[in-house]
Amino acid sequence: SYMALFDSHNGPAMSDFLCDHLVEYVASAISKLPQQYELSGYLEMHNSDESNSSAIPADDVISDAIKHAFKEVDDAMIDVSDVLSSTSKTNAIRTLRHAHSGSCALMSRYDTNTQILRVALTGDSRAVLGRKVLSKDGKINGYQVHVLSQDQNAHNPKEVVRLEAEHPGEEVVKNGRVMGWGMACAFGDAAYKWSVDIQEKLYEKYLGDRVRSNMKTPP
C-alpha cells in the first residue's frame, strides 16, 4: 500500500499532477521487477545465513527503481524541447505552468507480505513513525517517535556539502536558504534546473522569467 504527501510552492500545478500520477508511476516501475526482489528485504532481516548474498543488492534494486521513477517524472515535467520547437503558445503555457511550479514529495510504501516500510523523499517534508508505549497495565502511555527521512534543505549539513561540491565557488547556500528557497530538492522548479541558454530562449520567446543573476551552473 502507498501513502503520499505533496507540499506545493509557486502554484499548485506540480503537486496536483503528482497527486494524480506519481504513485501509479512508481507502482508500475516496481511491478516490472522480478518477484524475488520484493522478498529480498524480508530475507535480509530474518535470514541469519550470510551466504545468501542476493539479499542486499536485490533490495537496492527496489530503492533504485523508486529513485529512477521520481527522476523520470521530474525530467518529463520540465522538458521544454517541444515548447522551443513549436509556435503553439497554448502548449507552452500548459508545459511551463507545471515546470515553473514546484512540489516536495513524501511517499511511503508498505508491503504486507514482508512487513517492510520504505520511505522516499524529495524536498524537506518529514516522515515520522509513532510507536505506542504501553504501561504495565496495558494502557497507552505515550508514543516513541522515529524519524524516517532526512530533510533536504540548507539545515542538513550533508545537503550543504553536496551542493557546495556540485557548485564550487558559488554562493548556493546563504542564511539557511538554497538560492533563496527553503528546500534543496523538489519536483519542478525548473528555473533552477534549466541551463542558462534555455532560460534565455524562453524569456525571449514567451517573456518568461528573467534568468536569475546568481544562476551560474544549474541544476
Side-chain angles (χ1 to χ4, degrees), residues 1-31 33 37-38 40-41 44-45 56 58-78 98-112 114-131 143-167 172-173 176-193 218-219:
S1 60
Y2 291 85
M3 290 189 296
L5 172 70
F6 305 107
D7 181 8
S8 65
H9 50 270
N10 202 28
M14 179 59 74
S15 60
D16 286 347
F17 178 87
L18 295 175
C19 186
D20 291 336
H21 301 289
L22 185 62
V23 169
E24 179 182 359
Y25 195 85
V26 169
S28 175
I30 293 177
S31 70
L33 297 174
Y37 290 145
E38 194 58 37
S40 62
E44 181 184 348
M45 292 191 301
I56 294 177
D59 188 51
D60 286 342
V61 171
I62 298 173
S63 297
D64 287 346
I66 296 173
K67 294 175 185 177
H68 189 65
F70 269 45
K71 189 173 188 309
E72 279 192 331
V73 170
D74 188 54
D75 287 347
M77 295 306 293
I78 67 172
H98 287 91
H100 278 294
S101 176
S103 180
C104 299
L106 180 63
M107 177 185 295
S108 65
R109 179 180 185 272
Y110 180 70
D111 185 272
T112 55
T114 62
Q115 296 184 330
I116 293 175
L117 174 67
R118 287 184 173 86
V119 174
L121 170 66
T122 294
D124 59 357
S125 300
R126 185 178 298 175
V128 295
L129 174 68
R131 292 186 183 275
Y143 290 83
Q144 288 182 337
V145 177
H146 303 268
V147 179
L148 304 181
S149 61
Q150 294 187 18
D151 301 350
Q152 297 169 352
N153 57 29
H155 297 290
N156 182 341
K158 292 181 180 179
E159 282 296 291
V160 174
V161 170
R162 179 183 68 83
L163 290 167
E164 291 179 345
E166 292 181 358
H167 303 277
V172 178
V173 179
R177 311 284 286 181
V178 180
M179 302 290 287
W181 290 75
M183 60 278 153
C185 300
F187 282 89
D189 292 337
Y192 294 88
K193 300 173 183 176

If you take all heavy atoms of [X] and [Y], which pair is closest and at what distance?
| X | Y | answer |
| --- | --- | --- |
| Ala154 | Val173 | CB-CG1, 3.7 Å |
| Ser103 | Met14 | CB-CG, 3.9 Å |
| Leu22 | Ala105 | CD2-CB, 4.3 Å |
| Asn153 | Gly182 | CB-O, 3.0 Å |
| Ala65 | Leu33 | CB-CD1, 4.1 Å |

Looking at [atom1] of [X] and [atom2] of [Y], how far apart are the two atoms once the value is rounded to the nearest 0.5 Å?
| X | Y | atom1 | atom2 | answer |
| --- | --- | --- | --- | --- |
| Ile116 | Ile62 | CD1 | CD1 | 7.0 Å |
| His155 | Arg177 | NE2 | CZ | 7.5 Å |
| Arg118 | Tyr2 | CZ | OH | 9.5 Å |

Note, Arg109 side chain near Val26 side chain (heavy atom, < 4.5 Å): no

Side-chain donor-acceptor pairs under 3.5 Å in residues 119-127, sequence neighbours left out?
unit_1	atom_1	unit_2	atom_2	d
Arg126	NE	Asp151	OD1	3.2
Arg126	NE	Asp151	OD2	3.4
Arg126	NH2	Asp151	OD2	2.4

Residue pairs involving residues 8-17 (criterion side chain to side chain donor-acceptor pair (under 3.5 Å); sequence neighbours excluded): His9-Asp189

Results of ring-ring contact (aromatic ring centres under 6.0 Å, His included) for His21 - residues two or more places apart only: Phe17

Partner residues of Phe70 under the ring-ring contact (aromatic ring centres under 6.0 Å, His included) criterion, sequence neighbours left out: Phe187

Gly11 backbone acceptor or donor facing Ser101 side chain under 3.5 Å: yes

Whether Lys193 side chain and Pro218 backbone form a donor-acceptor pair below 3.5 Å: no

Stepwise side-chain contact (heavy atoms from CB on, under 4.5 Å) test for Cys185 and Arg162: CA-CA 12 Å; Cys185 300; Arg162 179 183 68 83; 3.5 Å; yes

Evaluation steps, side-chain contact (heavy atoms from CB on, under 4.5 Å), between Gln152 and Met183: CA-CA 6 Å; Gln152 297 169 352; Met183 60 278 153; 5.9 Å; no

Under the salt bridge (Lys or Arg N to Asp or Glu O under 4.0 Å) test, residues paired with Asp75 that sit two or more places apart: Lys71

Side chain to side chain contact (heavy atoms under 4.5 Å, CB included) involving Val172 - partner list, sequence neighbours excluded: Leu163, His167, Glu170, Val178, Met179

